Structure formats: C-alpha cells, structure tokens
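Residue numbers start at 1 and run along the sequence shown. The model shown is predicted, which means the values in this text are computed figures rather than measured ones.
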Amino acid sequence: MGLFLNLIAQTIVWFGFMGAIIFVAAGTTDYAGGWLYLGMMATLSVVFGTIMARVDPGLLRERLKPPVQKDQPLADKLLLVTILLLMLGGMGFMAADAARWHWSAMPSSVQWAGCGLLLAALLFIYWIMRTNSFAAPVVKIQKDRGQAVITTGPYAIVRHPMYLGALFYIAGTSLVLGSWWGLAAIPLLALLLGMRIGIEEQALRTGLEGYDEYAHHVRRRLIPFIW
C-alpha cells in the first residue's frame with residue numbers, strides 16, 4: 001500500500017508540474033491538446049504503475065527514486081538533468097507553438113494519430129520493463145538486487161531499447177500537443193542519449209559480468225540495423 005500511495009503522490013506532483021509548464025507556455029487553459037496529453041499520460045502512468053506494483057515492486061521502487069542518486073556517475077547526473085530539462089522545456093515550447101504562437105497548423109487527425117504513437121511508445125517501454133527488472137532510471141549496477149545481463153525481448157534487437165522508446169515518446173508527445181516544430185527535439189535528444197549510452201556502456205562493461213559477450217552478439221546500441 002505504501003508503494004501504491006507513493007506512486008499516486010508522485011503522479012499528482014509530476015503531472016501537476018508538467019501541466020503548469022504546458023498551460024503557462026500555452027497562455028490558456030483552453031488547449032485541447034494539452035488536456036488530452038496530460039489525461040492520457042496520467043491515466044497510463046497509474047495503470048502501468050499499479051500493474052508493476054503487483055508484478056515487480058522492486059523495479060517500481062527503483063523507478064520512483066529521484067533522478068540524481070549517490071551511486072550514480074557524476075557524468076550521468078549532469079547529463080540526465082540536461083535531458084530532463086530538454087524534455088520539460090521542449091513540452092513548454094510545443095505548447096507555446098501550438099496554442100500561443102500558432103506556428104503549427106496540425107489537423108486533429110494527426111493529433112489522434114499521435115495518441116496512437118504515444119500509446120505504442122508507452123506499451124513498448126512497458127514491455128522493456130517487464131523484460132528487464134533492472135531498468136532503473138539512472139546508470140548504476142544494482143548489486144543489491146542481483147542485476148544480471150538481459151538478452152531477451154527487445155534486448156535481443158538493440159542494447160538500449162528504452163532510449164529507442166523515448167524517441168518515439170517525444171515524437172508522439174509533439175503530435176498530441178499539436179506542434180510540428182517539436183519534432184526538432186528528436187535529433188537533439190538522440191544525440192544526448194547517444195552520449196548517455198557511452199556512460200552506461202562503460203559502467204556495464206566494467207561492473208556487470210557477461211555484458212561484453214552480450215554486446216558482441218547484439219551489435220546495435222539504439223537503432224536496429226544502423227547503430
């Protein structure tokens with residue numbers, strides 16, 4: 001029950017903060033894309049979180065921890081904060097683009113397609129977490145939980161599928177919020193995630209037995225057949 005209450009409390013605080021960014025940037029609360037995005041994200045977060053509390057409470061506890069932790073490399077702390085600021089700032093920019101500046105003229109059909117893309121991205125991320133019980137939000141070796149190399153599911157395709165899911169998540173977010181210009185955040189995010197992959201690979205190769213062998217068999221880091 002304590003874990004579930006923590007999930008609900010963090011959901012309210014996080015999406016309340018996110019909503020403030022979106023609607024202040026939009027300059028109005030009469031913004032259907034903003035309400036659609038927040039409603040969809042809050043609902044799915046509670047649904048998936050409730051399922052995880054039952055099937056993998058250890059992972060949910062890890063994912064509810066703060067984004068800056070003691071055992072995390074300094075480089076990852078700095079980079080993760082940068083990524084979070086980019087994502088939050090990007091959402092504010094998307095909202096301002098769609099509702100305040102009106103730079104983007106997006107058909108409602110495309111926004112609904114964005115809902116489908118966002119749902120697909122979140123389902124993909126959920127699949128990753130069901131496959132990998134050690135999918136913590138920070139770079140660290142979870143020795144206390146007996147972390148091992150995961151080679152099945154999406155990890156048989158690329159070594160860092162969570163980051164691939166994040167790129168589709170940002171694309172879906174941009175479409176739901178009604179901003180064509182928001183799609184420009186994708187290559188910038190990909191660059192930052194590529195830098196983070198380097199930090200994570202170093203930690204995994206030095207601290208996780210069997211990772212070198214896994215990396216030899218699964219060559220692609222982020223994008224299937226490319227890199």
Side-chain angles (χ1 to χ4, degrees), residues 1-19 21 37-73 76-77 79-81 83-88 91 115 117-170 172-173 176 189 193 196-197 199-200 203-204 207-208 211 214 222:
M1 180 59 70
L3 184 60
F4 178 73
L5 292 176
N6 189 11
L7 168 67
I8 297 300
Q10 289 204 30
T11 299
I12 293 172
V13 171
W14 175 249
F15 287 106
F17 178 64
M18 190 181 294
I21 291 175
Y37 176 75
L38 287 173
M40 185 176 178
M41 286 299 303
T43 300
L44 291 173
S45 294
V46 171
V47 169
F48 290 153
T50 301
I51 295 172
M52 293 303 297
R54 181 173 60 85
V55 301
D56 196 345
L59 176 57
L60 182 60
R61 288 190 187 93
E62 284 292 334
R63 297 203 65 82
L64 290 176
K65 289 181 180 179
V68 175
Q69 299 178 23
K70 182 179 66 173
D71 298 330
Q72 183 183 8
D76 187 55
K77 293 178 182 179
L79 191 55
L80 185 54
V81 169
I83 291 172
L84 289 174
L85 290 176
L86 171 66
M87 295 180 70
L88 292 172
M91 287 177 191
C115 289
L117 179 59
L118 187 60
L119 177 60
L122 293 172
L123 287 172
F124 180 68
I125 291 170
Y126 175 73
W127 180 33
I128 293 167
M129 291 191 290
R130 291 292 291 119
T131 304
N132 182 8
S133 182
F134 309 105
V138 304
V139 172
K140 66 177 183 178
I141 304 299
Q142 300 169 57
K143 295 180 180 180
D144 57 324
R145 299 184 63 223
Q147 183 172 353
V149 177
I150 305 299
T151 62
T152 58
Y155 290 89
I157 304 171
V158 293
R159 301 205 295 264
H160 301 275
M162 185 72 78
Y163 300 150
L164 179 61
L167 296 179
F168 284 102
Y169 165 77
I170 289 298
T173 295
V176 174
L189 179 61
L193 291 177
R196 195 177 192 219
I197 284 173
I199 298 170
E200 189 167 349
L204 292 170
L208 191 60
Y211 190 82
Y214 162 68
L222 179 62

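Nearest heavy-atom pair, Thr131 versus Pro154, reported as atom, atom and distance to 0.1 Å: OG1-CD, 3.7 Å. Shortest non-hydrogen contact noted between Lys77 and Gln69 is CE-O, 3.0 Å. Of all the heavy atoms in Asp76 and Val139, the pair that sits closest is OD2-N, 3.1 Å. The shortest non-hydrogen separation linking Leu193 to Ala166 is CD1-CB, 4.3 Å. Between Gly19 and Leu38, the closest heavy-atom pair is CA-CD1, 3.5 Å. Closest heavy-atom contact between Leu189 and Ile170: CD2-CG1, 3.4 Å.
The neighbour count for Tyr126 OH, taken as heavy atoms of other residues, nucleotides or ligands under 6.0 Å away, is above 12.
Taking a cutoff of 4.0 Å between a charged side-chain nitrogen and a carboxylate oxygen, Glu62 and Lys140 qualify as a salt bridge.
The distance from atom CG of Asn132 to atom CE of Met162, rounded to the nearest 0.5 Å, is 7.5 Å. Between the OG1 atom in Thr43 and the CZ atom in Phe48 there is a gap of 11.0 Å [rounded to 0.5 Å]. Rounding to the nearest 0.5 Å gives a distance of 15.0 Å between CD1 of Ile150 and CZ of Arg159. Rounding to the nearest 0.5 angstrom, the gap separating the CZ atom in Arg63 from the CZ atom in Arg61 is 15.0 Å. To the nearest 0.5 Å, atoms CE (Met40) and OG1 (Thr173) are separated by 9.0 Å. To the nearest 0.5 Å, atoms CE (Met41) and CG (Leu119) are separated by 10.5 Å.
Panel note: side chain Gln142, backbone Phe134; a donor-acceptor pair is recorded below 3.5 Å. Panel note: side chain Tyr214, backbone Tyr155; a donor-acceptor pair is recorded below 3.5 Å. Of the possible donor and acceptor atoms, one in the side chain of Gln10 sits under 3.5 Å from a partner among the backbone N and O of Leu64.
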Determine, stepwise, if the pair Gln72 / Leu80 fulfils side-chain contact (heavy atoms from CB on, under 4.5 Å).
-> CA-CA 10 Å; Gln72 183 183 8; Leu80 185 54; 3.8 Å; yes
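For the pair Leu222 and Val158, the minimum side-chain heavy-atom distance is 4.5 Å or more. Here the side chains of Leu204 and Gln147 are in contact, with some heavy-atom distance below 4.5 Å. Side-chain contact check for Ile125 versus Phe168: every heavy-atom pair is 4.5 Å or farther apart.
For Arg145, the salt bridge (charged side-chain N to carboxylate O under 4.0 Å, His left out) partners two or more places apart in sequence, or in a different chain, are Asp56.
Using cut-offs of 30° and 60° for the angle between ring planes, the His160 and Tyr163 rings count as parallel.
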